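The block underneath contains the structure these notes are about, expressed in structure tokens.
Every chain is numbered from 1, with letters handed out A, B, ... down the list of sequences. Just so it is clear, the structure is predicted and the values come from calculations on it, not from any experiment.
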2 protein chains.
Amino acid sequence: MDPLSLEVVELIGTVVGRYYEEYERAAAEHSLTGAQARVLGLLALEPMPMRQIAHKLKCEPSNITGIVDRLEARGLVERRPDPADRRVKLAAPTPDGLTTATDLRDSLNFAREPLAELSAEERTALRDLLKRMLGA
Amino acid sequence: MDPLSLEVVELIGTVVGRYYEEYERAAAEHSLTGAQARVLGLLALEPMPMRQIAHKLKCEPSNITGIVDRLEARGLVERRPDPADRRVKLAAPTPDGLTTATDLRDSLNFAREPLAELSAEERTALRDLLKRMLGA
DNA sequence: CGAGTTACTTGACAATCTCAAATATCTCGG
DNA sequence: CCGAGATATTTGAGATTGTCAAGTAACTCG
């Protein structure tokens with residue numbers, strides 16, 4: 001690989017490290033683990049079956065059972081029957097869970113400091129480059 | 001937060017997700033966990049005391065003991081005495097570990113596909129923006 | 001020398017993850 | 001309609017990662 005691409009990969013690695021760290025910190029502030037925060041954040045967008053959570057998070061469905069168990073025990077999530085298929089359980093955030101998810105999103109400071117360094121034009125350029133990099 | 005910054009954060013979240021996924025995949029191809037791959041990659045740059053690994057990875061030193069144990073059991077890493085301080089154990093990759101670390105780095109495809117989309121000028125622009133975002 | 005600090009390990013425990021097996025339910029061909 | 005096979009979820013075993021508290025060995029400095 002050319003040195004320029006290598007440098008960019010290196011930088012992205014650093015961004016990934018910082019983002020992850022920040023995400024875990026924000027989750028911990030709400031006494032959540034990273035995995036719990038990710039599931040809750042997903043459900044805050046839209047309730048969904050266990051299987052779909054596993055698919056989005058790229059892990060085994062049996063893993064999701066435990067994570068949702070813990071979120072449910074804390075009253076942040078509930079399992080609802082799917083009217084169309086009795087095998088399926090829809091995981092949905094409770095009002096409390098929705099509040100927590102919103103708080104969590106707001107307390108993800110990652111954006112603030114690092115992006116404040118950039119002008120609006122630079123942020124636009126960054127957005128477009130990332131978009132292109134991630135594919136159409 | 002303004003909509004533009006929000007969009008950039010969203011995109012960075014996606015990049016982080018893809019990078020992480022790719023990293024785990026590359027590690028798994030070498031029968032390593034992500035944590036083991038991160039420690040091995042760190043030691044491939046430079047042997048260092050257990051404590052320093054923990055500091056770089058932002059976890060407890062007692063955690064590193066187990067990870068290095070497993071890498072050592074597979075012959076990828078060895079513990080050496082520090083001539084200057086008998087309390088300290090320097091973790092260093094074996095020749096085999098160094099080879100694995102190099103293979104691992106090369107098989108991190110993340111860069112290839114996504115960055116191939118960008119021209120050299122765009123990659124330069126991306127590099128500079130990321131650099132600025134990450135601070136001087 | 002000796003009190004306090006530092007490096008690493010150990011042990012207990014929680015969370016995450018995988019895999020295989022069990023249960024309940026759905027789907028579809030015959 | 002019935003039964004074989006597929007699908008959704010859970011359970012249980014086991015590995016790994018992570019924390020914290022305590023223990024051991026070695027360093028530092030007055």
Side-chain angles (χ1 to χ4, degrees), chain A residues 17 20-43 47-74 76-92, chain B residues 17 20-43 47-74 76-92:
Chain A
Y20 224 78
E21 196 185 312
E22 176 69 18
Y23 196 91
E24 294 287 323
R25 187 203 54 69
E29 265 180 17
H30 294 267
S31 303
L32 292 171
T33 63
Q36 287 165 9
R38 276 187 289 280
V39 169
L40 185 58
L42 204 53
L43 296 179
M48 64 181 74
M50 307 293 284
R51 174 155 291 271
Q52 193 175 340
I53 305 174
H55 184 257
K56 292 255 188 193
L57 267 54
K58 298 189 198 305
C59 67
E60 299 299 314
S62 63
N63 189 17
I64 302 299
T65 298
I67 297 173
V68 169
D69 279 351
R70 283 165 216 118
L71 287 170
E72 197 169 29
R74 293 197 26 199
L76 299 175
V77 156
E78 63 181 9
R79 284 171 164 98
R80 297 179 194 153
D82 181 335
D85 187 337
R86 278 178 301 167
R87 290 172 302 181
V88 173
K89 288 173 189 165
L90 295 170
Chain B
Y20 223 78
E21 195 186 312
E22 175 68 19
Y23 196 90
E24 294 285 324
R25 187 203 55 69
E29 265 180 16
H30 294 267
S31 303
L32 292 171
T33 64
Q36 287 164 7
R38 276 187 290 280
V39 168
L40 185 56
L42 203 54
L43 296 180
M48 64 182 73
M50 308 292 285
R51 174 155 292 273
Q52 193 177 339
I53 303 175
H55 185 257
K56 292 257 187 190
L57 267 52
K58 298 191 198 306
C59 67
E60 298 298 315
S62 63
N63 191 14
I64 302 299
T65 298
I67 296 173
V68 169
D69 279 352
R70 283 166 216 118
L71 287 171
E72 197 169 28
R74 292 196 27 200
L76 300 175
V77 156
E78 62 180 10
R79 285 170 163 98
R80 298 179 192 153
D82 182 337
D85 187 337
R86 278 178 303 166
R87 291 172 302 181
V88 173
K89 288 174 189 164
L90 294 170

Any chance you could measure B:R51, atom CZ, to B:I64, atom CD1, to the nearest 0.5 Å?
->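 CD1 of B:I64 is found 11.0 Å from CZ of B:R51.
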
Minimal non-hydrogen separation, A:A92 against A:L43, with atom names |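 Nearest heavy atoms, A:A92 then A:L43: N-CD1, 4.4 Å.
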
Mind listing the closest non-hydrogen atom pair of A:L90 and A:P81 along with its distance?
->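 Of all heavy-atom pairs spanning A:L90 and A:P81, the closest is CD1-O, 4.2 Å.
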
Identify which one of B:V77, B:I67, B:T33, B:L32 satisfies the side chain to side chain contact (heavy atoms under 4.5 Å, CB included) criterion when paired with B:V39.
->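 Passing option: B:I67.
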
[atom1] of [X] versus [atom2] of [N]: gap in Å, rounded?
X: B:D82; N: C:dT6; atom1: CG; atom2: C1'; answer: 13 Å
X: B:R70; N: D:dA15; atom1: CZ; atom2: P; answer: 11 Å
X: B:L40; N: D:dT17; atom1: CG; atom2: P; answer: 13 Å
X: B:I53; N: D:dT17; atom1: CD1; atom2: C1'; answer: 15 Å
X: B:E60; N: D:dA22; atom1: CD; atom2: C1'; answer: 14 Å
X: B:R51; N: C:dT9; atom1: CZ; atom2: P; answer: 11 Å
X: B:M48; N: C:dC8; atom1: CE; atom2: P; answer: 12 Å
X: A:Y20; N: C:dT16; atom1: OH; atom2: P; answer: 11 Å

Which nucleotide in the list [options] gets nearest to the side chain of [X]?
X: A:T65; options: D:dT10, C:dC17, C:dT9; answer: D:dT10
X: A:V88; options: C:dT16, C:dT5, D:dT9; answer: D:dT9
X: A:C59; options: D:dT17, C:dC17, D:dA21; answer: C:dC17
X: B:I67; options: D:dT7, D:dA26, D:dG18; answer: D:dG18
X: B:M50; options: C:dA7, C:dT9, C:dT16; answer: C:dT9
X: A:K89; options: C:dC26, D:dT10, D:dT17; answer: D:dT10
X: B:R86; options: D:dA26, D:dA8, C:dC19; answer: D:dA26

Nearest-nucleotide 5' precedence on DNA chain C, B:L90 against A:K58 =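 Mapping each residue to its closest nucleotide by heavy atoms, the 5'-most match is B:L90.
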
In terms of the nearest nucleotide of DNA chain C, which residue is placed more toward the 5' end: B:G66 or A:N63?
->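 Nearest-nucleotide comparison on DNA chain C picks B:G66.
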
Any base atoms under 4.0 Å from [X], or only sugar-phosphate, or nothing? Heavy atoms, all strands.
X: B:R79; value: sugar-phosphate
X: A:S62; value: base
X: A:D85; value: sugar-phosphate

For A:M50 and A:R79, what are the C-alpha separation, side-chain angles and deciding distance, and is it a side-chain contact (heavy atoms from CB on, under 4.5 Å)?
-> CA-CA 9 Å; A:M50 307 293 284; A:R79 284 171 164 98; 3.5 Å; yes

Mapping A:I64 and A:R87 onto DNA chain D by nearest heavy atom, which one lands closer to the 5' end?
->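 The residue whose closest nucleotide sits nearer the 5' end is A:R87.
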
Say whether, by atom type as modelled, one donor and one acceptor occur between the side chain of A:R80 and the main chain of A:P47 under 3.5 angstrom.
->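 Side chain of A:R80 to backbone of A:P47, a donor-acceptor pair under 3.5 Å: no, none is there.
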
For A:Q36 and C:dT16, is the shortest distance between a side-chain N/O and OP1 or OP2 below 4.0 Å?
->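 A:Q36 to C:dT16 OP1/OP2: side-chain N or O found under 4.0 Å.
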
